[in-house]
Amino acid sequence: MAMPSSGCLFFSSSPATLLLRPALPRLSLPTRRPPRPRQHISLHRRATHQGKPPGTNPAAASSQSSPATHETLTDELKWEEALPSCLLRESLPRHVAIIMDGNSRWARDKGLPVSAGHEAGYRSLKEIIRLSCLWGIRALTVFAFSSENWFRPKAEVDFLMTLFQGVLTENFDIFVREGIKVRIIGDSAKLPKPLQQLAKEIQDVTVNKTRFELIVAVSYSGRQDIVLACQKIAQKVKDRLLEPDEITESLFAQELETNHSQDFPYPDLLIRTSGELRLSNFLLWQSAYSELYFTKSNWPDFGEADYIEALQSFQRRQRRFGQRIS
């Protein structure tokens, strides 16, 4: 569940020793313009296949101190053909949430350090953001770092914080140019000060962007989200600004971390990778009526085909929201 930096850090053979590595390619999204016949858009992807470790030499890839190679290739996509024919535009989810699980498992299975799994996980995230924008999905919420993840080894936590800051720095201008609103939810007070400042800046700059909304949950807890909302409402009652019988679901939702997503506050589809079948304290209130999709693929292996399969599963379902539909 991580994202790389400009000058990413990579663990050496000693977990406490960090080596500087070249930056990963920037997030590449299609230019925002109306469709025209035969109009082609250049999109950059990794040259390696999904699920493959960085570099073309497996032996070199497994070396913790070897620099990764970052070849890119150009995909030519036509706007009018962007959405796969097996998907129906009118029944796509507007808001997708993803528990990006399995980076460590992916790395362990390949004999690589955990940090290599986080790097590979970023490449998957970059691709899913690209596809979501291209296909017309309006919002994506990703679980990048839970409140429980602070109990991981300090070296790994420090590495992850560096990755988070790096991806925001690398893609800051792209988010602005492509009309992407970025929201960071979670207990930001626990984040390193430079990351707090950068997160605030990118949120302030993109607050009025409307093409696509990217919500990144960092140091996030669904239970704590609910507790904090209760505390805010209790304080308003104590201050006589609110009567107990005035508390409604709608009012409660306004106090949650996701309250800034006015148009798409709740995910229509929630995806979890790596074969685990639980929500792990993610968007507990917001996912009450989300369609759940679980896949055995580890997050670094989750690519376009997996995303299409999840969206097809969503489109086959009948969403009743507790009502009886004849």
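What you see below is based on every heavy atom in this structure, not just the backbone, and it leaves out hydrogens, waters and symmetry mates. Throughout, residue positions are numbered sequentially from 1 according to the sequence presented.
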Are I226 and L251 connected into the same hydrophobic cluster when the rule is that any two of I, L, V, M, F, W, Y join if their side-chain heavy atoms are below 4.5 Å apart? yes
Between D158 and K154, does a salt bridge (Lys or Arg N to Asp or Glu O under 4.0 Å) hold up when you go through it step by step? CA-CA 6 Å; D158 291 345; K154 184 179 184 302; 2.6 Å; yes
In plain terms, say whether D109 and R105 are close enough for a salt bridge, that is, a side-chain N and a carboxylate O under 4.0 Å apart. no
Which is it for V114 and F159 under the side chain to side chain contact (heavy atoms under 4.5 Å, CB included) test, yes or no, and what are the steps along the way? CA-CA 10 Å; V114 172; F159 175 71; over 6 Å; no
May I ask you to decide whether D263 forms a salt bridge with R94, counting only side-chain N to carboxylate O separations under 4.0 Å? no
Should R138 and E213 count as an ion pair when the cut-off is N to O under 4.0 Å? no
Evaluate L214 against I129 for side chain to side chain contact (heavy atoms under 4.5 Å, CB included), listing each step before the verdict. CA-CA 8 Å; L214 176 63; I129 294 173; 3.9 Å; yes
I'd like to know if E255 pairs up with K236 as an ion pair, taking the criterion as any Lys NZ or Arg NE/NH1/NH2 lying under 4.0 Å from an Asp or Glu carboxylate oxygen. yes
Establish, from distance only, whether the side-chain atoms of S91 and Q315 form a donor-acceptor pair under 3.5 Å. yes
Any side-chain heavy atom of I185 within less than 4.5 Å of one from V216? no
Return each pair, listed once, that meets salt bridge (Lys or Arg N to Asp or Glu O under 4.0 Å) where at least one residue sits in residues 238-252; pairs must be two or more places apart or across chains. none
Could you check Q286 against T258 for side-chain hydrogen bond (donor to acceptor under 3.5 Å, both in side chains), going step by step and ending with a plain yes or no? CA-CA 8 Å; Q286 297 88 339; T258 49; 2.9 Å; yes
Determine whether I180 and K209 satisfy the following criterion, side chain to side chain contact (heavy atoms under 4.5 Å, CB included), listing intermediate values before the conclusion. CA-CA 6 Å; I180 297 175; K209 302 300 181 181; 5.7 Å; no
Please check if any side-chain donor atom of R183 sits under 3.5 Å from a side-chain acceptor atom of T206, or the reverse. no
Verify whether one side chain among H118 and E156 offers a donor that lies under 3.5 Å from an acceptor in the other. yes
Can you give the donor-acceptor pairs under 3.5 Å from side chains of residues 305-314 to other protein atoms, not counting sequence neighbours?
from, atom 1, to, atom 2, distance (Å)
D306, OD1, S297, OG, 3.2
D306, OD2, G303, N, 3.0
Y307, OH, S132, OG, 2.9
E309, OE2, Y293, OH, 3.3
S313, OG, R317, NE, 3.4
S313, OG, R317, NH2, 2.9

Could you check whether the rings of F143 and F282 sit parallel, tilted or perpendicular, using 30° and 60° as the cut-offs? parallel
Decide if the gap between the ring center of Y266 and the ring center of W285 is smaller than 6.0 angstrom. no
Do we see a donor-acceptor contact under 3.5 Å between the side chains of T273 and D101? no
Check whether any side-chain heavy atom of K181 lies under 4.5 Å from a side-chain heavy atom of F175, and answer yes or no. no
Are a donor atom and an acceptor atom from the side chains of S219 and W150 found within less than 3.5 Å of each other? yes
Intermediate values then yes/no, side chain to side chain contact (heavy atoms under 4.5 Å, CB included), F145 and M161: CA-CA 9 Å; F145 190 87; M161 292 301 110; 4.0 Å; yes
Among pairs that include at least one residue of residues 214-232, which meet salt bridge (Lys or Arg N to Asp or Glu O under 4.0 Å), considering only residues two or more places apart or in two chains? none
Just by distance, with hydrogens left out, do D187 and Q224 show a side-chain donor and acceptor under 3.5 Å apart? no
What I want to check is whether the side chains of E276 and S274 have a donor and an acceptor closer together than 3.5 Å. no
